[in-house]
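Reading through the structure tokens given below for one structure.
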Protein chains: 2
Amino acid sequence: MKGDISMPQYRRLYEVLRKHIVEGVYQEGDLLPSENELCVTYGLTRPTVRHALDELVKDGFIKKQKGKGSIVHPLPRGIGILSVAGTTSALGNRDLKTRILVKPEIRSWDEAFFFPLPEHIRESGCIYMERLRLIDGKPLFYDLTYLPNINLPRFTSRTFENRSLFDTLRSNYQIEITGGEQRLWAIKADEQIAAFLQILPGEPVLHLERKIDTNRVGFSFFSSLYCDTSEQALFGVF
Amino acid sequence: MKGDISMPQYRRLYEVLRKHIVEGVYQEGDLLPSENELCVTYGLTRPTVRHALDELVKDGFIKKQKGKGSIVHPLPRGIGILSVAGTTSALGNRDLKTRILVKPEIRSWDEAFFFPLPEHIRESGCIYMERLRLIDGKPLFYDLTYLPNINLPRFTSRTFENRSLFDTLRSNYQIEITGGEQRLWAIKADEQIAAFLQILPGEPVLHLERKIDTNRVGFSFFSSLYCDTSEQALFGVF
DNA sequence: ATATTTTACTTGTAAATACAAGTTGTTAAT
DNA sequence: ATTAACAACTTGTATTTACAAGTAAAATAT
């Protein structure tokens, strides 16, 4: 999967270095090999190597300093859902489980949907599912997902129990997440949210509305997410 | 300031295009001139132009599509404090005021400070200030700022009333913000926070803790920020 | 011994070039 | 009229080369 032949070289180097960082081959504060060393080691040119390093900076794994080198960043104490890299990666060794509350089903889009929709997306309907994500046994995310019902054969019959949606999209439909946008608020948990997150109604929770873009042009999907931040902060770089 | 001779060329092009976008020269959904056209217009080569466009993508102003072009992104309906570009820029025509609650003063760092500090930073003390930021007259941010007391002459005697801290650092100390990291939670407003934000105690507010990095090596500063999201969402791209 | 200069290394910026791959409108064939 | 092939665009990836600017350690002069 990761060593895909079709993957660009800068992407492959990114994956290798990232793996080394999260596995501790390079530790916090260490310098990565210099760009020229990486060129020799991996048989690439400097722009290509720099492209890979830029991605690592963007995702918060390293920080660069002119004249010195690429410094490995401390792994975040929090959940990196604010960046693409996030969700499953920044959790490291922690134990992430997914429980399906509402299995994927086809319905029509809410007419007051939280992001504007093109007409052809609206017409073809929506694949809806609800999931609860637990970390170390504690429910942290209550996630409502909305996907355009376009060219996703057999999707509603798939199982997502303890599987990443992103992985399913990548393995089965060759859909990669390329970016997105998000809005967020602090709100009071209502009865339902509180029940799922095992907190008291009225407790503050984080509400995220996200539009998630993919490599398939015109194919974006959406997520409305409630997060209990009483024990785990959300983390991001900018 | 913006046309600084020392500014890299890709950065200058970034500023120009960004200005054109926020001023409406290019409207939402429009295509920017193609990379080759920009090369000719501004006398640059494609890698340089692409560097500028990459920055615009990173800050959420455009989105690129292979084979088509660079598409101007809708300006966010929210406050873009989650990215560097953010704070003052994404507000567009809205009216941002800053009220100083505690004027910059030198004190020692809290021993349980929310980010780890190097010893030499800790020793030299901390410049502390409290600000309230109002948008269209409504208080939205209550911001505690902590700067290392290192090489910032006359800082405590400056006025920040209705002035951006970032601008002050740039104009007077040649300090540019290069990035940073942040953690965020939803919490209940306590008495003090509620009073400043003009909401009820116990209402949910967003709490951000940010480390903000600069072009001056080893010089980072910090912000603990409480945000009333009842009327304005925070916005970000990823 | 200490301070200064030099040197070798690092990342940052920039140019010129080439081809791959996706999009779109035009042209040609059916 | 409809379809298919083509041509002319677009951005994406990658190489090669060069110099600027910051860092750090070694060499040198005081």
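Both backbone and side-chain heavy atoms feed into the values below; hydrogens, waters and symmetry mates do not. In the text below, chain A, chain B and the rest are named by the order of the sequence lines, each starting its count at 1.
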Item to complete: Go through A:Arg11 and A:Glu176 one step at a time and tell me if the salt bridge (charged side-chain N to carboxylate O under 4.0 Å, His left out) criterion holds.
Response: CA-CA 13 Å; A:Arg11 186 70 189 165; A:Glu176 303 259 4; 5.6 Å; no
Worksheet item: A:Ser34 has a side chain; which of C:dT13, D:dG12, C:dT11 sits nearest to it?
Response: C:dT11
Discussion item. Return a single string for nucleotides 17-25 of chain C, one symbol per nucleotide in 5' to 3' order, where B is base contact, S is sugar-phosphate-only contact and - is none, cutoff 4.0 angstrom on heavy atoms.
Written reply: -B--SBSS-
Worksheet item: For B:Asn172, does its backbone N or O pair with a side-chain atom of B:Arg158 as donor and acceptor, under 3.5 Å?
Response: no
Worksheet item: So, is A:Thr48 close to the D:dT13 phosphate, meaning a side-chain N or O under 4.0 Å from OP1 or OP2?
Response: no
Practice prompt. Return the value, rounded to whole Å, for the distance between atom CZ of B:Arg50 and atom P of C:dA16.
Written response: 17 Å
Worksheet item: A:Tyr10 side chain N/O closer than 4.0 Å to the phosphate oxygens (OP1, OP2) of D:dA14?
Response: no
Worksheet item: A:Asp30 side chain to A:Val72 main-chain N or O, any donor-acceptor pair under 3.5 Å?
Response: no
Discussion item. Rounding to an integer number of Å, can you tell me how far A:Tyr14 OH sits from D:dA14 P?
Written reply: 16 Å
Item to complete: Check for a donor-acceptor pair, side chain of A:Ser124 on one end and backbone N or O of A:Ile121 on the other, with a separation under 3.5 Å.
Response: yes
Worksheet item: Between B:Glu15 and B:Lys19, is the closest basic N to carboxylate O distance under 4.0 Å?
Response: no
Worksheet entry | Rounded interatomic separation in angstrom, taking CD from A:Glu55 and C1' from D:dT13 | 13 Å
Worksheet item: Rounded to the Å, how far apart are B:Tyr42 OH and C:dA14 C1'?
Response: 18 Å
Worksheet item: Within a radius of less than 6.0 Å around NZ of A:Lys103, do more than 12 heavy atoms belonging to other residues, nucleotides or ligands occur?
Response: no
Discussion item. Please pick, from C:dT10, D:dT11, D:dA14, the nucleotide with the shortest atom-to-atom distance to any side-chain atom of B:Asn36.
Written reply: D:dT11
Item to complete: Rounded to the nearest angstrom, tell me the gap between atom CG in B:Leu31 and atom C1' in D:dT11.
Response: 12 Å
Discussion item. What is the distance, to the nearest angstrom, from the CG atom on A:Asn215 to the P atom on D:dT13?
Written reply: 12 Å
Worksheet entry | Atom pair distance, as rounded to whole Å: CG in B:Asp54 and P in C:dA14 | 14 Å
Worksheet item: Under 3.5 Å, is there a donor-acceptor pair between the side chain of A:Arg183 and the main chain of B:Gly236?
Response: no
Worksheet item: In whole angstroms, how far is the C1' atom of D:dT13 from the NZ atom of B:Lys64?
Response: 12 Å
